[in-house]
Participant: 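Dropping a structure here in structure tokens format, bear with me for questions.
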2 protein chains.
Amino acid sequence: MLTHSEENHLKCIYHLSNKSNGAINTNAIAKSLETKAASVTDMVQKLATKGLASYLKYKGVRLTTKGEKEALKVVRKHRLWEVFLVKELGYNWDQVHDIAEQLEHIKSSTLIDKLDTFLEYPKFDPHGDPIPDANGVIASKPTTTLNILKPGDTCTVICAKDSSSDLLLFLDKVHISLGSKLEVIDYFEFDGSYSVKVDNGSAITLSTKVAENIFIDKL
Amino acid sequence: MLTHSEENHLKCIYHLSNKSNGAINTNAIAKSLETKAASVTDMVQKLATKGLASYLKYKGVRLTTKGEKEALKVVRKHRLWEVFLVKELGYNWDQVHDIAEQLEHIKSSTLIDKLDTFLEYPKFDPHGDPIPDANGVIASKPTTTLNILKPGDTCTVICAKDSSSDLLLFLDKVHISLGSKLEVIDYFEFDGSYSVKVDNGSAITLSTKVAENIFIDKL
DNA sequence: TATTATTTTTAGCTATGTCTAAATTTATTT
DNA sequence: AAATAAATTTAGACATAGCTAAAAATAATA
Ligand SMILES: [Mn+2]
Ligand SMILES: [Mn+2]
Ligand SMILES: [Mn+2]
Ligand SMILES: [Mn+2]
């Protein structure tokens with residue numbers, strides 16, 4: 001049986017492994033979990049002892065097949081609970097992360113599949129991230145971001161790159177949500193910002209940073 | 001912020017205080033939480049330090065007003081999650097206790113009231129126990145049990161005295177659930193057992209112990 | 001390549017929560 | 001009332017999980 005901390009570390013390593021390839025270093029994990037490198041080292045050694053990670057001193061860590069399976073279970077739980085919080089309880093997508101961070105650790109051999117059934121097998125969470133199925137099979141995350149578009153291009157928003165409240169609050173403010181149709185009106189070399197029409201409404205300005213964090217389907 | 005263990009102890013003391021009056025002794029708590037008296041002593045001293053309980057060495061513990069308020073919050077969470085598990089996810093009433101035991105510890109200032117709204121403000125949990133409202137106001141538990149009835153009496157089942165899986169599984173087997181109409185056909189002095197018709201069906205036999213654990217409304 | 005800087009690990013400390021065994025207090029019997 | 005039994009607390013141990021500071025390894029730079 002895994003502890004909350006073990007699960008959090010597995011999930012973190014899983015996510016970091018998807019962003020960059022190769023072994024994951026201690027500092028990156030510590031930063032992501034808001035903890036210290038020394039603490040991560042302890043945990044990573046523990047995971048290795050349990051056969052959930054392979055770890056070489058000073059060389060970083062990667063998940064074993066077994067570890068990835070466990071990580072995917074946590075990701076599945078996290079995302080299904082997020083769907084529940086937004087769709088059933090009426091939370092906004094920027095409010096659910098911290099609660100899901102706790103709910104993902106509830107232990108039960110039946111709960112999450114019953115929740116999945118109740119929610120009618122959603123494929124994506126409120127941030128557009130794919131939900132692993134009961135066997136741990138997960139769709140790959142999209143790769144196209146808004147900043148590849150040129151003036152005149154149109155697209156649909158399908159996912160937010162990270163679930164940080166700051167990004168989501170900003171998108172809410174400019175009325176961009178999953179499924180929004182965007183049309184790039186202009187691009188400004190000076191600061192890399194975009195002028196964009198949201199759902200054929202008025203044009204707004206998006207910074208490079210925002211544009212890099214919105215996954216899209218180009219139309 | 002209370003830890004899981006603190007919350008479990010508060011809830012336990014609250015429940016025991018409702019069964020017997022006067023201070024609650026360490027052993028009773030240890031037995032109920034499946035832990036040891038020495039551990040309970042530590043915890044109870046901690047609760048006293050935090051102003052949640054009043055404690056006199058060797059004399060037992062009782063909750064302060066503040067402690068009871070916290071206990072009621074946990075009870076509210078536990079019972080609302082039980083309603084969710086049974087009504088929405090399709091669990092049986094004998095399967096939800098252990099999961100609710102975990103869910104009751106999820107920290108959020110908004111979650112439980114949203115869940116309450118979602119469930120349309122249920123007044124009782126799946127075992128017939130009253131659910132405290134958002135202000136901590138709770139209906140009193142019924143007091144009439146099946147064993148006060150005489151042959152010829154009829155009643156409605158409103159609550160099971162404890163939520164132990166053993167009792168609930170037995171009641172399931174004989175098709176007794178909340179709302180069932182029971183008619184006492186016979187009482188046997190020899191072993192204190194009852195012959196009872198369930199919902200005007202065939203007669204079954206209930207032991208004294210079972211009869212003492214079913215709360216009823218006499219008709 | 002030698003030196004310096006950065007990253008990572010180890011060592012040692014702290015806090016929580018649990019346990020067993022011994023000591024103490026309270027309750028029950030002779 | 002004294003002796004014995006039972007309940008309760010204390011003392012000391014262990015496991016988990018976090019931290020800081022020092023040591024060691026690796027990476028970057030002169
Ligand atoms: Mn978590
Ligand atoms: Mn998400
Ligand atoms: Mn609990
Ligand atoms: Mn219940």
Side-chain angles (χ1 to χ4, degrees), chain A residues 1-13 16-17 19-63 67 70-71 74 98 101-102 104-107, chain B residues 1-13 16-17 19-63 67 70-71 74 101-102 104-105 107:
Chain A
M1 190 80 93
L2 301 173
T3 66
H4 288 201
S5 185
E6 286 168 343
E7 289 186 336
N8 285 337
H9 280 79
L10 286 173
K11 186 164 63 106
C12 179
I13 298 166
L16 292 173
S17 299
K19 281 192 204 166
S20 68
N21 24 14
I24 305 305
N25 51 314
T26 317
N27 260 334
I29 299 169
K31 195 177 169 193
S32 163
L33 292 178
E34 296 180 83
T35 173
K36 296 293 147 89
S39 310
V40 171
T41 301
D42 285 348
M43 209 62 214
V44 149
Q45 289 174 336
K46 195 178 166 197
L47 294 177
T49 305
K50 288 195 171 193
L52 296 161
S54 65
Y55 167 67
L56 277 172
K57 259 189 201 178
Y58 296 100
K59 299 296 181 188
V61 63
R62 53 186 84 210
L63 296 181
E70 291 301 325
V74 183
D98 289 347
E101 201 57 50
Q102 300 173 62
E104 72 190 1
H105 304 295
I106 300 291
K107 257 77 180 171
Chain B
M1 190 80 93
L2 300 172
T3 66
H4 287 204
S5 185
E6 287 169 342
E7 289 186 337
N8 284 337
H9 281 77
L10 286 174
K11 185 163 64 108
C12 179
I13 298 166
L16 292 173
S17 298
K19 281 193 204 166
S20 67
N21 22 14
I24 306 304
N25 51 312
T26 317
N27 260 332
I29 298 169
K31 195 178 168 193
S32 163
L33 292 177
E34 297 181 80
T35 174
K36 295 296 148 86
S39 311
V40 171
T41 300
D42 284 349
M43 209 60 214
V44 149
Q45 289 174 338
K46 196 178 166 198
L47 294 177
T49 304
K50 289 196 171 192
L52 297 160
S54 64
Y55 167 65
L56 276 173
K57 259 191 199 174
Y58 297 100
K59 299 297 182 185
V61 63
R62 56 186 82 210
L63 296 181
E70 291 301 325
V74 182
E101 201 57 48
Q102 300 172 64
E104 71 190 3
H105 304 294
K107 256 76 179 173

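Just so it is clear, the structure is predicted and the values come from calculations on it, not from any experiment. In the text below, chain A, chain B and the rest are named by the order of the sequence lines, each starting its count at 1. Scope of the values below: all heavy atoms of this structure, side chains included, with no hydrogens, waters or symmetry mates.
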Participant: Nearest-Å distance, NZ (K36(A)) to P (dA15(C))?
Facilitator: 17 Å
Participant: Check nucleotides 5-8 of chain C against the protein and report each pair of N or O atoms closer than 3.5 Å, with its distance, or say if there are none.
Facilitator:
from   : atom 1 : to     : atom 2 : distance (Å)
dT8(C) : OP1    : N25(A) : ND2    : 3.3
dT8(C) : OP2    : N27(A) : N      : 3.4
dT8(C) : OP2    : N27(A) : ND2    : 2.9

Participant: Between K107(B) and E101(A), is the closest basic N to carboxylate O distance under 4.0 Å?
Facilitator: no
Participant: Taking all non-hydrogen atoms of both residues, which atom of L33(A) and which atom of N8(A) are closest, and how far apart?
Facilitator: CD2-O, 4.0 Å
Participant: Grab the two heavy atoms, one from T26(A) and one from A37(A), that are nearest each other, plus how far apart they are.
Facilitator: CG2-O, 3.2 Å
Participant: List the steps, then state whether salt bridge (charged side-chain N to carboxylate O under 4.0 Å, His left out) holds for E70(A) with K11(A).
Facilitator: CA-CA 8 Å; E70(A) 291 301 325; K11(A) 186 164 63 106; over 6 Å; no
Participant: Search all heavy atoms of A48(A) against all heavy atoms of Y55(A) and return the closest pair with its distance.
Facilitator: CB-CB, 4.0 Å
Participant: Reckon T35(B) has a side-chain N or O less than 4.0 Å from the OP1 or OP2 of dC19(C)?
Facilitator: yes
Participant: What pair of heavy atoms forms the shortest contact from C12(B) to S32(B), and how long is it?
Facilitator: SG-OG, 3.3 Å
Participant: Starting at atom CG of N8(B), determine the distance to atom C1' of dT18(C), rounded to an integer number of angstrom.
Facilitator: 14 Å
Participant: Closest heavy-atom contact between Q102(B) and H105(A)?
Facilitator: OE1-O, 4.2 Å
Participant: Which part of the nucleic acid does S5(A) contact within heavy-atom distance under 4.0 Å: base, sugar-phosphate only, or nothing?
Facilitator: sugar-phosphate
Participant: Looking at S17(B) and I13(B), would you say the former's side chain and the latter's main chain have a donor-acceptor pair under 3.5 Å?
Facilitator: yes
Participant: First contact, last contact: which nucleotides of DNA chain D are these for chain A, 5' to 3', heavy-atom distance under 4.0 Å?
Facilitator: dA17(D) to dT26(D)
Participant: Expressed as a whole number of angstroms, how long is the span from D42(B):CG to dA15(C):C1'?
Facilitator: 13 Å
Participant: On DNA chain D, compare the nucleotides closest to E6(A) and Q45(B); which residue's is nearer the 5' end?
Facilitator: Q45(B)
